[in-house]
Number of protein chains: 2
Amino acid sequence: LARTREKIVAAAESEFAAKGLAGARVDAIARHAGVNKQMLYYCFGSKLALYREIVGRKIAERSQFLDQLPDLGPGLLAFMYDKGGFDSDFVRMLQWEALDFDGGIPTGAGDRRALFAKAVARVRNAQRAGKLPRDVDPRRLFLALIALTVFPLAFPQLARMATGASPTDPKFRREQSKFLKWIGSRIAAAP
Amino acid sequence: LARTREKIVAAAESEFAAKGLAGARVDAIARHAGVNKQMLYYCFGSKLALYREIVGRKIAERSQFLDQLPDLGPGLLAFMYDKGGFDSDFVRMLQWEALDFDGGIPTGAGDRRALFAKAVARVRNAQRAGKLPRDVDPRRLFLALIALTVFPLAFPQLARMATGASPTDPKFRREQSKFLKWIGSRIAAAP
């Protein structure tokens, strides 16, 4: 049953990335997973519960990245990019969610707020330790760090027009990682 | 006829922002503009031509912003945000385009590349004049500036979870503008 669950989760991730929560079809997920719909409902209960499962896993992964984070100085941005910035599926899921957002509470908001609070607490610690400037709101700074790491994958057509390369090309990634080290060092530099 | 065209353009912008190019319905655009479909086709020829018209206008607006840009030093980011960062419709259109992007050539790519080249030329001039650091690729820097100004509106659910406020709230805007001045001065600072 555990293997069946994993097949369903993998198929569902692709389907949610391709079409968003509203557009995703349970039939298509079951078909791609090679199971019948009854099995899918038996394992997860509903399309929304399956979506919640996937968001929960993405958040848990990112919480682990944060625990591994060696240092919150100049290398922070490149670390975030190298560890979490290549997950096209999750970025697309967030984009569908953004287009559908009506000001309500997003799926998995509790875990996501907890992750964000954990990240902000680490930024604040780095500020206290003198590794990041103190004269800035750590929440807004962390939102900017997400923007810098996620944007090329979220807008691949703009990344392509700007640099001539796809944001998933290895060369693009190397140069973007180098650039993020540069900008990270500007943000972290002693005033 | 000019007024009719403008009504159609306004209705089309809302429809494309709500549903993207593929999902937009010509019937709905005509209905919201208060014209019949024949008139819409007479004025614009096709749904794609109407989309192209709107993208062309957005690009022309941004090209004018660039011409007005007084200075490419620390205030650059806040200027970009204050002038162009609140256009939810255009950001949503770019998001639909991103979700639909297959590596091909986006609509209006010629004008968009020209706009980008113009912006990059100004960044390069600022580098030569010593107003921005020289040790960075101006194309990648400009892409990062777009990321920082556009991200909260592109992912309002994340901006809300991060700061508690909607990215369209006046208070959010004021604080984001202040933050962008801060980060702009870090990027522009003499090494």
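Because the structure is predicted, anything quoted here is derived from the model rather than measured. Side-chain atoms are counted along with the backbone in the values below, which use heavy atoms only and exclude waters and symmetry mates. Proteins come first, then strands; the chains are lettered A, B, ... in the order of their sequence lines, and each starts at number 1.
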K.L.:
Do you know which of A:Glu97, A:Arg140, A:Arg113, A:Arg139 has the most heavy-atom pairs with chain B at a distance under 4.5 angstrom?
P.N.:
A:Arg140
K.L.:
Can you say whether B:Phe101 sits under 4.5 Å from chain A via the side chain, the backbone, both, or neither, judging by heavy atoms?
P.N.:
side chain
K.L.:
Checking B:Arg160 against chain A: side chain, backbone, both or neither under 4.5 Å from a heavy atom?
P.N.:
side chain
K.L.:
Mind ranking B:Gln95, B:Arg112, B:Gln157 by heavy-atom pairs under 4.5 Å with chain A and telling me who comes out on top?
P.N.:
B:Gln157
K.L.:
Would you mind checking which part of B:Ala117 comes under 4.5 Å of any heavy atom in chain A, side chain (CB onward), backbone (N, CA, C, O), both or neither?
P.N.:
neither
K.L.:
What part of B:Ala159 is in contact with chain A, defined as an atom under 4.5 angstrom from a non-hydrogen atom: side chain, backbone, both or neither?
P.N.:
both
K.L.:
Quick one: does any side-chain atom of B:Gln127 pair with a main-chain N or O of B:Leu132 as donor and acceptor, under 3.5 Å?
P.N.:
no
K.L.:
Does a sphere of radius 6.0 Å around NZ in B:Lys178 hold more than 12 heavy atoms from other residues, nucleotides or ligands, not counting ones at 6.0 Å or beyond?
P.N.:
no
K.L.:
Does A:Glu53 use its side chain to pair, donor to acceptor, with the backbone of A:Leu48 at less than 3.5 Å?
P.N.:
no
K.L.:
Given that the side chain runs from C-beta out, which part of B:Pro156 has a heavy atom under 4.5 Å from chain A: side chain, backbone, both or neither?
P.N.:
both
K.L.:
Indicate whether any N or O donor in one side chain lies under 3.5 Å from an N or O acceptor in the other, for B:Asp89 and B:Ser14.
P.N.:
no
K.L.:
Where the side chain of B:Trp182 meets the backbone of A:Val136, is there a donor-acceptor pair that is under 3.5 Å apart?
P.N.:
no
K.L.:
If we ignore hydrogens and angles and just use 3.5 Å, is the side chain of B:Arg92 paired with the main-chain N or O of A:Leu99 as donor and acceptor?
P.N.:
yes
K.L.:
Using heavy-atom distances under 4.5 Å, tell me whether B:Thr163 contacts chain A through its side chain, its backbone, both, or neither.
P.N.:
both
K.L.:
Can you confirm whether or not the ring centre of A:Phe142 sits under 6.0 Å from the ring centre of A:Phe116?
P.N.:
yes
K.L.:
If I measure from the heavy atoms of chain A, does B:Ile183 come under 4.5 Å with its side chain, its backbone, both, or neither?
P.N.:
side chain
K.L.:
Between A:Leu141 and chain B, which part of the residue has a heavy atom less than 4.5 Å away: side chain, backbone, both or neither?
P.N.:
both
